**Student:** 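Here's a structure for you.
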Amino acid sequence: MNAVGSAAALAERLRGTGYLADDGLATVGYLALALRRPLLLEGEPGTGKTSLAAAIAEALDLQLIRLQCYEGIDATQALYDWDFPRQILHLGRGAQPGQLCGPSRGGGRCVTCSTS
């Protein structure tokens, strides 16, 4: 994975993708990367959670795998019994496979989970 040396460096890389991160978001993003821990974001639909994951994946040349979560899904279903057709169904009409998983460019993965 392409490492970043500071929160400011991550913010600059995100800016290169068109995503503008404030100091707080850049700091927690940097810490998640530096500590190799997941960054769990919570928020209403449309607040940019998936956009941030896509920007981080692009900035660090990582593959983005998007797991669409829905009411009633638990960790076992999401992590071990992943049902691709059901994921597509919950994305709604017009979803393209590229929206779930982009081409593999880097050696690592960036994963996001959003609720519908």
Side-chain angles (χ1 to χ4, degrees):
M1 180 171 67
N2 297 332
V4 292
S6 68
L10 177 61
E12 184 63 32
R13 286 178 121 175
L14 290 173
R15 192 173 303 115
T17 71
Y19 190 96
L20 301 177
D22 65 14
D23 290 341
L25 190 55
T27 299
V28 298
Y30 166 71
L31 290 173
L33 292 167
L35 297 172
R36 302 181 58 86
R37 296 290 186 249
L39 176 57
L40 304 175
L41 301 173
E42 182 180 46
E44 295 296 319
T47 57
K49 300 175 298 292
T50 301
S51 296
L52 174 60
I56 289 173
E58 182 181 339
L60 300 179
D61 198 29
L62 299 172
Q63 180 182 21
L64 174 65
I65 299 173
R66 183 171 183 260
L67 172 64
Q68 183 73 26
C69 297
Y70 48 88
E71 188 174 337
I73 193 171
D74 62 20
T76 299
Q77 291 170 319
L79 300 174
Y80 304 108
D81 299 328
W82 196 52
D83 183 354
F84 184 76
R86 188 167 183 177
Q87 294 294 319
I88 291 292
L89 176 68
H90 280 79
L91 280 174
R93 292 187 182 173
Q96 300 295 317
Q99 291 174 308
L100 290 175
C101 182
S104 179
R105 298 174 306 229
R109 289 189 172 160
C110 182
V111 178
T112 179
C113 178
S114 59
T115 58
S116 55

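Quick caveat: nothing in here was measured; it's all calculated off a predicted structure.
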**Student:** Could you grab the distance from atom OG of S6 to atom CD of E12, nearest 0.5 Å is fine?
**Tutor:** 10.0 Å
**Student:** Can you see which heavy atom on E44 is nearest to which on K49, and at what distance?
**Tutor:** O-NZ, 2.9 Å
**Student:** Name each donor-acceptor pair under 3.5 Å that joins a side chain in residues 18-29 to protein atoms two or more places apart or in another chain, with its distance.
**Tutor:**
from, atom 1, to, atom 2, distance (Å)
D22, OD1, G24, N, 3.3
D22, OD1, L25, N, 2.8
T27, OG1, D23, O, 2.7

**Student:** Run L39 and L33 through side-chain contact (heavy atoms from CB on, under 4.5 Å) and show every step you take.
**Tutor:** CA-CA 8 Å; L39 176 57; L33 292 167; over 6 Å; no
**Student:** State, with a plain yes or no, whether a side-chain heavy atom of L60 is found less than 4.5 Å away from one of V4.
**Tutor:** yes
**Student:** So, taking the atom named OG1 in T17 and the one named CD1 in I56, what distance separates them when rounded to the nearest 0.5 Å?
**Tutor:**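 Spacing of OG1 (T17) from CD1 (I56) equals 9.0 Å.
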**Student:** Atom CG of L31 and atom CZ of R36: how far apart are they, to the nearest 0.5 Å?
**Tutor:**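 It is 14.5 Å, given to the nearest 0.5 Å.
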